[in-house]
Enquirer: 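Take this structure first; my questions come after.
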Number of protein chains: 2
Amino acid sequence: MEAITIKDIAKALNLSTSTVSRALRNSYEINPETKKLVLEYAEKTNYHPNPIALSLKENRSKAIGVIVPEIANNFFSQAINGIEAVAYNRGYHVVIFQSHESCERERSNIQHLVGRKVDGVLISLSGETTDVSHLQEIQNKGVPLVIFDRISNKIEANEVIADNFQGAFQATEHLILSGRKKIAHITSPSLLYTTKERLEGYKAALEKHGIPFDEDLVHYCGFAPEEARQVIFELLDKQKPDAIFTASDRLALDSFAAVKAKGINIPEQVAFIGFTNLQVAHLLDPPLSTVVQPAFEIGRTAAEMLLNTIENKQSITAVKTIKIPTEVNLRTSSN
Amino acid sequence: MEAITIKDIAKALNLSTSTVSRALRNSYEINPETKKLVLEYAEKTNYHPNPIALSLKENRSKAIGVIVPEIANNFFSQAINGIEAVAYNRGYHVVIFQSHESCERERSNIQHLVGRKVDGVLISLSGETTDVSHLQEIQNKGVPLVIFDRISNKIEANEVIADNFQGAFQATEHLILSGRKKIAHITSPSLLYTTKERLEGYKAALEKHGIPFDEDLVHYCGFAPEEARQVIFELLDKQKPDAIFTASDRLALDSFAAVKAKGINIPEQVAFIGFTNLQVAHLLDPPLSTVVQPAFEIGRTAAEMLLNTIENKQSITAVKTIKIPTEVNLRTSSN
DNA sequence: AGCTCTTTTGGTAACGTTCCCGACAACGAT
DNA sequence: ATCGTTGTCGGGAACGTTACCAAAAGAGCT
């Protein structure tokens, strides 16, 4: 039950492999009758060209690679759906890998993808990644690359991001306008690009409304499961904020749960707003205000950018960054 | 900036390709000095063997393929994490594909995977898949295969599933014991294996407690976004159930939202329990009772099974089905 | 000296495909 | 009749790697 090859067809029809090859590609220099013969035989025997042999010869694969930290994260799975939507329409397969927030895994994934000659790579950096030499390397090799959401300023590449500053600014300003003064910000590791942008938005809103920035109200959380809980507990005991603004899907949930576990009323005692793509936000108790990133559209845009550079509709040298607006959904949790 | 090959090394060191190849594989029949020379040069030039060439030659790839309907579904992303955990430890890459509940996409993904010579395939069937000839085909070709969660009785293969019957039975019985009599069951398309099993569990619980089975209380929902909402609205108007038991992640959420949108109190007017792996169940309003599938463990078990057959620690012919217990988490929504 | 036996290396085919080059008719034009 | 042209086809190399079969040289033996 081995797969049939071009050689098998050639032998069966008493032709040469080159003739068969050309017949299958519908070359003009093949006799229509021969062509028909070959095509019919191929159809009958369920012939499929061996993509590996093709990749070896042509150094391409009609597939693009996607590396995200964690598909269980709503933002990323939605972004992937955006990516698949355009890739599929344009005839590309999408190969999905997770870095699990590990730089080593990320490097290994990159290795695997370029080794297998994907035509391009879409990546959102792991929370551990500071050194981006692996990206620089594939870029030097000429592999088209687009970084989305979690980008890095250590490398010049095509990028697609949400307007994190705007989202954070709006969220914070909303909390201020609803009368809150001690607004805590629970956020991701400080080296992430998104972390910085959101922090800036947060600061800018404070400044605009004359509220002094208090370092003790900002807490960076790693990816350990219990970390956010601890941080929130401590925060509620010591700084006693009257509002909490969290970055990231994961932190929003963990923090939300922690505040409730402490028996603190939302929004009466503490207002809450999260930077998250949770689809159940409106079903929570109380319904959670969110800053939503246009995940699907980010994925779509990034994939379009990548495919355009792959197909040379877009020059590789002129890198650019596309910023997509975020959306604020106000619900009960923030008044 | 092209990748370096064995030929390049051979030329540079004035050796034959076969010698270089053997030196790199640390063959015993190579002079230690030559070996050292080659290894050092390879290290220096950052040589990596071309996996495509290897696959072409050896018909394998040290990668396994996973096909799931939708990674945005918690159950599947958790299962994938289980799969990756064992695959990574055993030196395999995991290539993830989504069928988006489309049989055609599923077939295309299968094609791509076997074409690219993955060493085995893990799959959970799309909601549309009735004809499993594509699976039969790859099984005939000798590609190791494990089906998990959404299995099919039209093909004999290694399978890993949750104990859907038990979960549904327990959920239904719990609703009965808490005094409910008109228990609706909102479930997935009837052709899915999980649908049938859960329905059987539901029926069995009814029967045990002498409640007649009412066909009108069972509703099958497709994958359209608004479908569950419509079904719930109609159900609440006509049959007026005093409890709802839903299958699947998606249906639990959509139904839950629909009931709330109708202004019906949970659990006072209608008790609610869902078959779901939602991580936020305890944060909902009211906290949602759930039957939880051991997603991670299902993935882990399936991957182990697959890798064992790949590495011939397990015979291909003796197929078996592993069933893993579900867990019931009772919360406010069901009293 | 002639023989076999190791040790170490090289050459080549093969995996499946495409592409370049050339071969060989048949044909019309000079 | 000779010459280019056109239409069809086959042969071979190449992509990067490994496996098999030789081959050469030296060592040790009778």
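In what follows, chains are A, B, ... by sequence order, proteins preceding strands, each numbered from 1. Because the structure is predicted, anything quoted here is derived from the model rather than measured.
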Enquirer: Under 3.5 Å, side chain of B:Asp149 to main-chain N/O of B:Ser124, donor-acceptor pair present?
Expert: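 A pair under 3.5 Å: no.
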
Enquirer: Please confirm whether the shortest side-chain N or O distance from B:Thr19 to OP1 or OP2 of C:dT9 is below 4.0 Å.
Expert: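 Checking B:Thr19 against C:dT9: no side-chain N or O falls below 4.0 Å of OP1 or OP2.
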
Enquirer: Judged by atom type as modelled, is there a donor-acceptor pair below 3.5 Å linking the side chain of B:Glu128 to the main-chain atoms of B:Cys103?
Expert: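 Yes: the side chain of B:Glu128 pairs with the backbone of B:Cys103.
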
Enquirer: Can you check the B:Leu37 CG to C:dT8 P distance for me, whole Å?
Expert: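 My rounded result for the distance is 15 Å.
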
Enquirer: Do you see a donor-acceptor pair shorter than 3.5 Å between the side chains of A:Lys35 and A:Asn26?
Expert: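 Yes, side-chain donor-acceptor contact under 3.5 Å.
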
Enquirer: Let me confirm one number: the CD1-CD1 distance from A:Ile80 to B:Ile96, rounded to the nearest 0.5 Å.
Expert: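 Nearest 0.5 Å value for the CD1-CD1 distance: 7.5 Å.
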
Enquirer: In whole angstrom, what separates B:Ile30's CD1 from C:dG10's P?
Expert: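 Whole-Å distance recorded here is 8 Å.
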
Enquirer: Hey, is the main chain of A:Phe296 close enough, under 3.5 Å, to the side chain of A:Gln78 for a donor-acceptor pair?
Expert: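 Between the backbone of A:Phe296 and the side chain of A:Gln78 there is no qualifying donor-acceptor contact (under 3.5 Å).
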
Enquirer: Which part of the nucleic acid, if any, lies within contact of A:Asp8, taking any heavy atom under 4.0 Å across all strands shown: a base, the sugar-phosphate backbone alone, or nothing?
Expert: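 The residue A:Asp8 makes no contact with any strand.
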
Enquirer: Counting N and O atoms only, with roles assigned by atom type, does the side chain of A:Thr301 sit under 3.5 Å from a partner on the main chain of A:Glu297, one being a donor and the other an acceptor?
Expert: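 A pair under 3.5 Å: yes.
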
Enquirer: Within this structure, what is the CZ-to-C1' distance between A:Arg60 and C:dT17, rounded to whole angstrom?
Expert: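 Rounding to the nearest Å, CZ of A:Arg60 and C1' of C:dT17 are 13 Å apart.
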
Enquirer: B:Leu15 has an atom CG; how far is it from atom C1' of C:dG11, in whole Å?
Expert: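 From B:Leu15 CG to C:dG11 C1': 14 Å.
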
Enquirer: When the distance from CG of B:Asn31 to P of D:dA25 is rounded to whole Å, what number comes out?
Expert: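 One finds 16 Å between P of D:dA25 and CG of B:Asn31, rounded.
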
Enquirer: Please work out if A:Ile52 contacts a base, only the sugar-phosphate, or nothing of the nucleic acid, heavy-atom cut-off 4.0 Å.
Expert: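 Since no nucleic acid heavy atom lies under 4.0 Å of A:Ile52, the category is nothing.
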
Enquirer: With a 4.0 Å limit, can you tell me whether B:Thr34 has a side-chain N or O closer than that to the phosphate oxygens OP1/OP2 of C:dT9?
Expert: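 Yes, because at least one side-chain N or O of B:Thr34 sits under 4.0 Å from OP1 or OP2 of C:dT9.
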
Enquirer: Each nucleotide in nucleotides 16-23 of chain D should get exactly one letter: B, S or -. Can you fill that in based on protein heavy atoms under 4.0 Å?
Expert: BBBBB---

Enquirer: Got a sec? Which of residues 110-120 of chain B come in under 4.0 Å of DNA chain D, heavy atoms?
Expert: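 Of all residues in residues 110-120 of chain B, none places a heavy atom under 4.0 Å from DNA chain D.
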
Enquirer: Tell me which pairs pass ring-ring contact (aromatic ring centres under 6.0 Å, His included) where either residue lies in residues 96-142 of chain A, with sequence neighbours left out.
Expert: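 Pairs touching residues 96-142 of chain A that pass the test: A:Phe97-A:His112, A:Phe97-B:His93, A:His112-B:His93.
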
Enquirer: Keeping to residues at least two apart or across chains, list the salt bridge (charged side-chain N to carboxylate O under 4.0 Å, His left out) pairs with something in residues 63-92 of chain B.
Expert: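 Output for this query lists A:Arg105-B:Glu84, B:Arg90-B:Glu311.
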
Enquirer: For A:Glu304, is there an ion pair with A:Arg300 - N to carboxylate O distance below 4.0 angstrom?
Expert: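 A salt bridge is present here (some side-chain N lies under 4.0 Å from a carboxylate O).
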
Enquirer: State, to the nearest 10°, the angle formed by the axis through the first five base pairs of the helix from C:dA1-D:dT30 to C:dT30-D:dA1 and the axis through its last five.
Expert: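 For the helix from C:dA1-D:dT30 to C:dT30-D:dA1, the axes at opposite ends meet at about 70°.
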
Enquirer: Which residue pairs pass the ring-ring contact (aromatic ring centres under 6.0 Å, His included) test with at least one member in residues 39-88 of chain B, sequence neighbours excluded?
Expert: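 Those involving residues 39-88 of chain B do not exist here.
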
Enquirer: With distance as the sole test, does A:Ser55 use its side chain to make a donor-acceptor pair with the main-chain N or O of A:Arg60 at under 3.5 Å?
Expert: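 Yes, because the side chain of A:Ser55 sits within donor-acceptor range (under 3.5 Å) of the backbone of A:Arg60.
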
